Chemist: 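Below is one structure. I have some questions about it.
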Amino acid sequence: MDKYDKVMDLAKRRGFLWNSFELYGGAAGFFDYGPLGCTVKRKIENLWRDFYVLNEGCMEIEAPTIGIEDIFVASGHVGGFSDPLTECSGCGQSFRADHLIEALGIEGVGALNTTQLDEMIVEHNIVCPECGCKLGKSFEFNLMFQTKIGPGTGRPGYLRPETAQGMFVDFQRLSRFYREKLPFGAVQIGKSYRNEISPRQGVLRLREFTQAECEFFVDPDVKTHPNFDKYKDVKLTLYPQAQQEDETGTTIQKTVGEAVADGTIAHEFLAYYVALTNDFLTCAGISPEDLRFRQHLSDEMAHYAVDCWDAEIKTDRFGWVEAVGIADRTDYDLTAHAKQSKVELSVYIEYPEPIFETKFVVKPDMGKLGPLFKGQAKAVGDALKELSADAIQAAGDEITVSVNGENFTVPKNLIAFGEENVKISGKTIVPHVIEPSYGIDRITYCVMEHAYDEEDLAAGASEEDDEESRIVMRFKNIVAPYQVAVHPLMGKPELSAVAKKLFNDLVAAGIMSDYDESGTIGKRYRRNDEIGIPFSVTIDFDTIEKENKPVTIRDRDTMKQILVSAGDLVAVMKGLLSGEKRFEESGEVISR
RNA sequence: GCAUUGAUGGUCUAGUGGCUAUGACUGCGGCCUUCCAAGCCGCAAACCCGGGUUCGAAUCCCGGUCGAUGCACCA
């Protein structure tokens, strides 16, 4: 049983992750988050909001998960996503069916469906180019889930394959919201859908999954980051192209500042979010030694991207798993949507000081050209404006321009021209997009795997053969599903009453707590460890008998115990959970 | 999508044509118990789905679903 099996076993037993639709036999590529898993996931999402919404100031939006066809035509998801594949019966390699036929010089293959393609393959006796075996039936694969909007034949719609398009489509509104000042960013946390051919690896490859994406719109000429100093000296584990291409495959350690200075990372803006991602993932509980940032190789990078870094997390079974992608998408998306929608998606940037340029300008006297050329006057005027200084100087008393194949001769004295000092107070640009994109399900699984621990315990005084071990989920306090468990030492009514009161106090203070009085205290502690509750509070007879009402707080990771007065419990718990106070300093350390 | 392989209570598992389908852990109800799982009594809970062969199928055959692995795919 490897770690994946152990984590998934625990996840299933204790209510973190369940296969969806199990009652009816299930379906591949879908998972339910149970009560504890859902809580952990929400907490990770909220931590992400702390980073991006609270600290980075990127406001959250919510766009529909269904998109109309235009969006995905513009984004390229509709066109590029419907490829017919055929597979060799011998070696198992897949090929583009249409490409095999086209290779014979046959035209118009693109319009054929798979049945027709199969007929062509048989007719032309096409075999596997690798091994010469027979080819299987061809099939379409398109990762988009399609649906219909409205009744009848309806209008085609698609479940979004990424949340990003929502931010691009709302660009103009967002730009106005941010008072048309770059850089600005918006985020979205939500479900995306890809009809994966073969979902595997549990929650790492889902057909419906949760993304947290941030889209920053920046001035293409200003890719420095205003808060770069915050992360400048942070050391990162980087795996750049050069290291991937040499045989050793070693990662390098470098500060963010160094990586930008020596060109390892393309620019500050990208580097800043690589560092922020490092910060976020470690805060969520990813072990720093199992985290690296891998640069996309030039051939795997989308053709429009300038530079792209993935946060990869090491897992026991699957090795390095891509959990976050941080890309400079340039102006690709906005330009594509502008073209598709025929609406200009740009921002006007005013220079700090207007720039004056000397330019050669042509000013036709439209008052005279009007009566002369009537309906063609405007076109003639425009043609004149296009003329270069040389062309005008070289001409004699008359200038001839051609408009729509017709020549017009204009007396030169109807045209004013010359050098002119032009004031340029700004520029209109299509912003570039910097996109940090997080796979929340993958992160949640990796947080669970990294939290999972089996600890061997000394098997008591006797030399019993079975060594005792306990399973502990060492969640960080901020992602743990419950923060505190409250127990009466045993199920006596007088103890229960006090325990329930303290439980209510904790809940009233906003602390997510669990109450449990079943079985022995030791068993309950083990249960708490297994679902990763950081602290357990136990009420015993001292609590009701002694003057200062001591309760015991047990620390999950060390199993150490301290005594605190019941009246101080809420305050002490808050200090412990926020990390402001150390465990041993929060009460009287005891051993039993 | 193809190939290989598997599927028995919540979990792990025994059973391989023939009783009311093992056992353990977990869970629940008691008893006992003054701080780290396995003390006692009791209870609950399963043969992946569909078809076929057979007097009789959890068991054999075929198809499907789901899981694992390999190939391919992962914009």
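By convention in this document, chain letters (A, B, ...) are assigned in the order of the sequence lines, proteins followed by strands, and residues within each chain are numbered from 1. Being a predicted model, the structure only gives us computed values, none of them experimental.
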Chemist: Hey, which of these two, A:Thr552 or A:Gly202, hits RNA chain B nearer its 5' end, going by closest nucleotide?
Modeler: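 So the residue in question is A:Thr552.
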Chemist: Is there a Watson-Crick or G-U wobble partner for B:C32 with both distances under 3.5 Å, and if so, which one is it?
Modeler: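 WC or wobble partner does not exist here.
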Chemist: What contact category does A:Arg205 fall into here, base, sugar-phosphate, or nothing, at under 4.0 angstrom with non-hydrogen atoms?
Modeler: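 Answer is base: heavy atoms of A:Arg205 come under 4.0 Å of a base.
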Chemist: Determine the interatomic distance between C1' on B:A75 and the same-named atom on B:A57; round to the nearest Å.
Modeler: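 It works out to 49 Å between them.
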Chemist: Does the structure show a Watson-Crick or G-U wobble partner for B:A14, both distances under 3.5 Å? Name it, or say none.
Modeler: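 Matched B:A14 with nothing under the 3.5 Å cut-off.
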Chemist: Less than 4.5 Å apart, side chain to side chain, heavy atoms only: is that true for A:Leu334 and A:Pro431?
Modeler: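 The answer is yes, as the side chains (C-beta and beyond) meet within the 4.5 Å cut-off.
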Chemist: Can you check the A:Asp557 CG to B:C36 C1' distance for me, whole Å?
Modeler: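 So the two atoms are 15 Å apart, to the nearest Å.
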Chemist: Can you tell me how far C1' in B:C25 sits from the matching atom in B:U13, rounded to whole Å?
Modeler: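 Approximately 11 Å lies between the C1' atom of B:C25 and that of B:U13.
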Chemist: Are OP1 or OP2 of B:A68 and a side-chain N or O of A:Tyr4 less than 4.0 angstrom apart?
Modeler: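 Yes, such a contact exists.
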Chemist: Which base, if any, makes a Watson-Crick or G-U wobble pair with B:G27, both distances under 3.5 Å?
Modeler: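 Paired with B:C43.
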Chemist: Could you tell me the separation between the CZ atom of A:Arg13 and the C1' atom of B:U26, rounded to a whole number of Å?
Modeler: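 Roughly 8 Å, once rounded to whole Å.
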Chemist: Which one is paired to B:C66, where only Watson-Crick or G-U wobble pairs with both distances under 3.5 angstrom count?
Modeler: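 Paired with B:G6.
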Chemist: Does A:Arg554 make a side-chain donor-acceptor contact with the base of B:C36, cut-off 3.5 Å?
Modeler: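 Indeed there is one.
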Chemist: Once you round it to whole Å, what is the distance between P of B:G30 and CE of A:Met490?
Modeler: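 Distance, rounded to whole Å: 16 Å.
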Chemist: Can you tell me how far P of B:U33 sits from CD of A:Glu494, to the nearest Å?
Modeler: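 Rounding to the nearest Å, CD of A:Glu494 and P of B:U33 are 13 Å apart.
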Chemist: Please give the distance between the C1' atoms of B:A7 and B:C47 as a whole number of Å.
Modeler: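 Result for the C1' pair: 10 Å, nearest Å.
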Chemist: Rounded to the Å, how far apart are A:Ile562 CD1 and B:C35 P?
Modeler: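 One finds 19 Å between P of B:C35 and CD1 of A:Ile562, rounded.
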Chemist: Looking across every strand, which nucleic acid part, if any, lies under 4.0 Å from A:Arg524 by heavy atom: base, sugar-phosphate, or nothing?
Modeler: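 A:Arg524: no heavy atom of the nucleic acid under 4.0 Å.
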Chemist: With a 4.5 Å cut-off on side-chain heavy atoms, are A:Trp320 and A:Asp310 touching?
Modeler: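 No; the side chains remain at least 4.5 Å from each other.
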Chemist: With hydrogens left out and only the distance checked, is there a donor-acceptor pair under 3.5 Å joining A:Glu196's side chain and the base of B:C74?
Modeler: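 No, the side chain and the base share no sub-3.5 Å donor-acceptor pair.
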Chemist: Just call it for A:Glu22: base, sugar-phosphate, or nothing, with non-hydrogen atoms closer than 4.0 Å on any strand.
Modeler: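 Counting heavy atoms under 4.0 Å across all strands, no contact is made by A:Glu22.
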Chemist: Using purine N1 to pyrimidine N3 plus N6-O4 or O6-N4 for Watson-Crick, or N1-O2 and O6-N3 for G-U wobble, each under 3.5 Å, what pairs with B:C71?
Modeler: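 Looking at the geometry, B:C71 pairs with B:G1.
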Chemist: Using every non-hydrogen atom in the two residues, find where A:Glu584 and A:Val589 come nearest and quote the distance to one decimal.
Modeler: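 Shortest heavy-atom separation between A:Glu584 and A:Val589 comes out as O-CG2, 3.7 Å.
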Chemist: Write down the distance between CG (A:Leu204) and C1' (B:G67), rounded to a whole number of angstrom.
Modeler: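 Going from CG in A:Leu204 over to C1' in B:G67 covers 15 Å.
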Chemist: Checking side-chain polar atoms at under 3.5 Å, does A:Thr315 have a donor or acceptor matched by the opposite partner on A:Tyr445?
Modeler: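 No pair is found: no donor N or O on one side chain lies under 3.5 Å from an acceptor on the other.
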Chemist: Under 3.5 Å, is there a donor-acceptor pair linking the side chains of A:Asn528 and A:His487?
Modeler: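 Checked: A:Asn528/A:His487 side chains pair up, N/O donor to acceptor below 3.5 Å.
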Chemist: Kindly say whether, by distance alone, the side chain of A:Tyr525 makes a donor-acceptor pair under 3.5 Å with the base of B:C35?
Modeler: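 Per atom types, the contact qualifies.
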Chemist: Could you tell me whether the side chains of A:Ser20 and A:Asp32 share a donor-acceptor contact shorter than 3.5 Å?
Modeler: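 The answer is yes; a qualifying pair exists.
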Chemist: For B:G30 and B:C12, measure between their C1' atoms and round to the nearest Å.
Modeler: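 The answer is 27 Å between these two C1' atoms.
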Chemist: What distance, rounded to whole Å, do you find between the two C1' atoms, one in B:A45 and one in B:U22?
Modeler: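 Each nucleotide's C1' atom is 15 Å from the other's.
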Chemist: Determine the interatomic distance between P on B:U11 and the same-named atom on B:G51; round to the nearest Å.
Modeler: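 Here B:U11 and B:G51 have their P atoms 25 Å from each other.
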Chemist: Taking N and O atoms by type only, does the side chain of A:Asn19 place a donor or acceptor under 3.5 Å from a partner on the base of B:C66?
Modeler: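 When only heavy-atom distances are counted, A:Asn19 does not reach the base of B:C66 through any donor-acceptor pair under 3.5 Å.
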Chemist: Can you tell me if A:Lys523 touches the phosphate of B:U26, counting only side-chain N or O atoms and a distance under 4.0 Å to OP1 or OP2?
Modeler: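 Yes, A:Lys523 has a side-chain N/O under 4.0 Å of OP1/OP2 on B:U26.
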Chemist: Report yes or no: is the cationic atom of A:Arg294 (NZ for Lys, CZ for Arg) closer than 6.0 Å to the six-membered ring centre of A:Trp309, at no more than 45° off its axis?
Modeler: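 No, cation not above the ring by the 6.0 Å, 45° rule.
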Chemist: Grab the two heavy atoms, one from A:Phe475 and one from A:Gly532, that are nearest each other, plus how far apart they are.
Modeler: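 What the structure gives for the nearest pair is CD1-CA, 4.0 Å.
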Chemist: Return the 5'-most residue of the pair A:Arg442, A:Tyr24 with respect to RNA chain B, ranking by each residue's nearest nucleotide.
Modeler: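 Nearest nucleotide further toward 5': that of A:Tyr24.
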Chemist: How many whole angstroms separate atom CH2 of A:Trp320 from atom P of B:C74?
Modeler: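 So the CH2-P distance, A:Trp320 to B:C74, works out to 23 Å.
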Chemist: Roughly how many Å apart are B:C31 and B:A24, using the C1' atom of each and rounding to a whole number?
Modeler: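 The same atom, C1', in both gives a distance of 23 Å.
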Chemist: Rounded off to whole Å, could you give me the CE-to-P distance for the A:Met144 and B:A75 pair?
Modeler: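 It is 14 Å, rounded to the nearest whole Å.
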Chemist: Report the nucleotide, chosen from B:A37, B:C28, B:C35, that has the shortest atom-to-atom distance to any side-chain atom of A:Ser518.
Modeler: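 The answer is B:C28.
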Chemist: Under a 3.5 Å cut-off for both contacts, is B:A21 paired Watson-Crick or G-U wobble with anything, and if yes, with which nucleotide?
Modeler: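 When the pairing criteria are applied, nothing turns out to pair with B:A21, so the answer is none.
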Chemist: Between A:Arg527 and B:C36, is there a side-chain N or O to OP1/OP2 distance below 4.0 Å?
Modeler: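 So the side chain of A:Arg527 is outside the cut-off, no N or O lying under 4.0 Å from OP1 or OP2 of B:C36.
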Chemist: What's A:Arg317 touching, base or sugar-phosphate or nothing? Going by heavy atoms closer than 4.0 Å.
Modeler: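 It contacts sugar-phosphate atoms only.
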Chemist: Go through B:U69, B:C35, B:C66 for me and flag the one nearest to the A:Ala28 side chain.
Modeler: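 Closest nucleotide to the A:Ala28 side chain: B:C66.
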Chemist: Remember a base hit wins even if backbone is also touched, and classify A:Asp9 as base, sugar-phosphate or nothing at under 4.0 Å, heavy atoms.
Modeler: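 Since only primed, P, OP1 and OP2 atoms lie under 4.0 Å of A:Asp9, the category is sugar-phosphate.
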Chemist: Between B:A3 and B:G64, how far is it from one P atom to the other, in whole Å?
Modeler: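 Looking at atom P only, B:A3 and B:G64 are 10 Å apart.
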Chemist: According to the Watson-Crick and G-U wobble definitions, with both distances under 3.5 Å, which nucleotide is paired to B:U59?
Modeler: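 No nucleotide pairs with B:U59.
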